[in-house]
Amino acid sequence: MATKRPDGIYPYIGTPIWGERLADAVENTCADLQVVPPPRQAITEGLATALPDTEIKNLISTQRGRKVLKPTAHRLVQAGTDQVLLLMCDVHGTAVAPWHLNDRTVPAWSPPVPEANQRVEDLVAAEVALEEAQKAAKSAEKEAEACRRAPGDESYTAQALAAATQKHQEALRLVNDLEDRRQVLLAALGNRRPRPVVRSAEEEEGEPKAALVLAEQPYAVAVHLQRYAAESLARAGRTRGYDLAESLVDAGQLSKGMNVLQQWQITNSDGTVSKPWRLTAVTGNNRALARLDVFGVRPEYLVTGMPQPLVSLPEEKADHGLLLLSLREILNRISIRLNQDAARPETLSTDPSLRAGKIATVSAEIVIGCSRPEALEHVLRTLNVNDHLRGIQPYEEDARLIALFATLVDSYVRESALAAALAEAFPNARGVDFLDLAGVRDALTANGPLDPLEPFVPAGEEVSPAVLRDIAMRAITALVFPEIPPETTPKSSRRTVRDTGRFWPIVRGALQESAWSQIRAKTAEARTRLWSAAVAQLFLHQGNILSALGFFGTKEVQKGAVQDPRPLRELFLGAEAGDPTAWAALVKRMAPALIHGPQPFITPGQGSEAGNGRKGVRRSPSSALAALTLAYTQNNVPNISRTLLLAFAKAVLEHPDATQPPEAQDGTPLVCYGEQHWSEKDRTPITAGMVIAPDIEGRPTGYVADKAWFDEMFPVELGRPAPAGGDVDTSTGTENAAGAGDGGTSREEVPVDPRDQLAALRQQLPARVELVEGSYQRAVDSAHTLMTDFEEARRLRAQLGEESLPPEQRIEWMEKLSKARDAARASVTSLDQVETLILQI
């Protein structure tokens, strides 16, 4: 028997018939405006089920027998080159879920790698097991306490007490083990969670629509991630200068928020998949979360299902195993309960039925169409960033810098300069002409995989996660510190305007910096922080972004950060062959990995310049890089060899991709070097991504390399050049550190033993042979390409009947090729001599 709904201010959702009419109106309006609508199911199940019954009637009108939206109910917004159609309406106060892609919570999410997703499932299982173990321990404690208080001193009473005590101790031991397991999994995740991945929704024909779809998740993982997103958002909102929830209760919601339709795909324990459509807040995430808090509704209930006992109807029996997925039913039940409670005279003022009165319905703008659905996520994320960057609410430093870098990349795209800037940074790239610019943009801003960066990999270089991450860091460096053209006009007394090239004005405009001539150390520090925050997104474990201060100075900001164009493989071979410039470039490439790891080797400047005894030895980030760079050129540093350095560099560059914790070769448990004298319970758990410390021969030891090992191997004194030897200023970072290797140091030079020199040459020569082989292969490929191009030019000239080139042009080219051929012949003679010498060493 149907029950009459209580009257009150909390609205009720209309019937499905009006949902179908709204879907017709949206689709017809989108067709008239030539934008793509959301899937019809998203409108009927996610949008129409969030609107009061009278609201849909106010939005729709009939024109020539077809349903359309009223002109006052929608507006078209231009977002760059894209258009977004927004529906302006009032929605139920609890109908919108917070969006996990909010840019204020970006630092709380890690890259969405498959290993991290599996670790989240393991973490959820560990937390469930821990909760059960804690309940069992509590029960065992009560049982032991009951036995302890039992009267009598019979033997069976003592035995029962001993058994209960033993059971309690075992339960506590299990709780401690499970808590340790949970901490290990959290450490493996970098104490963050992988960001959920969304894509454009599609209907049966496979065409993208103006809505988003979340990747499939198990039920427990969906609950866990939704709670984590809400906790991260609440933590970011604590910097607000007032209580947002109380403000909503007192004055209601004063500004609109933008929302988008999104579908969750949740795998239940019985194998079925539920696919609910919900409205999510693109802007106004904090308000959406605060509204749910005022109503007393947890965010995950909107997504994964509302427990029926929480919204049971009058005289309805509670079913604790029932989850309600229909948004219409959930909102109607909430309104029924609130209207019923508000009508009771004994209801207190603190009850949600009275507190939520001014947010029973809220004004909202909902995305119901766009011109390019495949770019919808990026457009919405950009609108979210712009809304926050020009707002007045406090912004966490990491999140603000990441948002600024995304704005910078979009500025390059808007000026059609992204491909050109990256082409200059990667002169040896194999396919810059075939870039997926949208994929490259998402890769550099950590909103997508790194696969679109493969065209930047040089020919002959193997594509691997470490190589793609290295390319991403080099690309970020090139975009943040673009090179400017050299000064061509001679200096004179007349005032001239320096040509800063095409890219520097883009950076200045996006970051709103002062003129090129007014760059100071403060600008360099701000730009370095931006670079550090952008690079940190590429790593699962994030260290302090201030650990990079000093890597770049005013020179890099003004003239650009000159990067070694050689790929990682060539740098390793060069360092193995004895090239100090290759090692210096390799140290620069290693720097971010030294900061962002389970055991960071470089931290923000610590210690005291006044006295080492007060706060320890002063160690700045640039000092750590200088010591590591100079360790390669100093032959008298104890316990350090080039073999050790190369083994350490290889392990550091590969550690972010490790999926399993490292293991010692002899099977003994590993321990962090600085914790070898600690008790076992106080030691840091060994997790994936940690680096085993190598010995002087490059072999793995039984210790995990940590900052204590790094500072002991590469002390502060190693990075201090002597006052009389060359450039002593290390404040500008690794460039000075690399150059300091050519000057004198505080250590005396020791004559090299001929036997040691022979041994060193025997170690270096294989790498030199491989470098020469690679150089010749590239020369052969270039010659073949040149021949192919000339053959094509000859064929086209004969086909078109064009005149031949001027004789002087042909003579000039032939002279250059003749010189190249003579050089090749001379090199062949040198190679013949090398073949003879190989038999004599």
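Hydrogens, waters and symmetry mates play no part in the numbers below; they use all other heavy atoms, side chains included.
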Checklist entry - Can you name the side chain to side chain donor-acceptor pair (under 3.5 Å) partners of D24, sequence neighbours left out? => result R40
Item to check | Pairs where residues 105-122 contributes a residue and the test side-chain hydrogen bond (donor to acceptor under 3.5 Å, both in side chains) is met, not counting sequence neighbours | outcome: Q118-D122
Checklist entry - Any sub-3.5 Å donor-acceptor pair from R104's side-chain atoms to A236's backbone N or O? => result no
Checklist entry - Does V367 reach the side chain of L86, with side-chain heavy atoms less than 4.5 Å apart? => result yes
Item to check | Residues that Q265 engages under side chain to side chain donor-acceptor pair (under 3.5 Å), provided they are two or more places apart | outcome: none
Checklist entry - Got a sec, which residues hit side chain to side chain contact (heavy atoms under 4.5 Å, CB included) with N191, two or more places apart in sequence or on another chain? => result L186
Checklist entry - Taking only residues two or more places apart in sequence or in another chain, which ones pass side chain to side chain contact (heavy atoms under 4.5 Å, CB included) with L325? => result S274
Item to check | I56 backbone acceptor or donor facing R21 side chain under 3.5 Å | outcome: no
Item to check | side-chain hydrogen bond (donor to acceptor under 3.5 Å, both in side chains) contacts touching residues 211-220 (sequence neighbours left out) | outcome: E216-T267
Next on the checklist: Suppose we screen for side chain to side chain donor-acceptor pair (under 3.5 Å). Which residues come up paired with E55, at least two apart in sequence or across chains?
Outcome noted: none
Checklist entry - What pairs with A534 under side chain to side chain contact (heavy atoms under 4.5 Å, CB included), at least two apart in sequence or on another chain? => result F405, I476
Listing, residues 284-292 side-chain donor-acceptor contacts under 3.5 Å, not counting sequence neighbours, or none:
from: N285; atom 1: OD1; to: W99; atom 2: N; distance (Å): 2.5
from: N285; atom 1: ND2; to: A281; atom 2: O; distance (Å): 2.7
from: N285; atom 1: ND2; to: V282; atom 2: O; distance (Å): 3.2
from: R287; atom 1: NH1; to: S255; atom 2: OG; distance (Å): 2.2
from: R291; atom 1: NE; to: G93; atom 2: O; distance (Å): 3.1
from: R291; atom 1: NH1; to: Q253; atom 2: OE1; distance (Å): 2.5

Checklist entry - Excluding sequence neighbours, so at least two apart, what forms side chain to side chain donor-acceptor pair (under 3.5 Å) with T283? => result none
Checklist entry - Under the side-chain hydrogen bond (donor to acceptor under 3.5 Å, both in side chains) rule, what pairs show up with a residue in residues 61-74, not counting sequence neighbours? => result D32-R66, T62-K67
Item to check | Qualifying residues under ring pair (Phe, Tyr, Trp, His ring centres under 6.0 Å), relative to F539, sequence neighbours excluded | outcome: H596
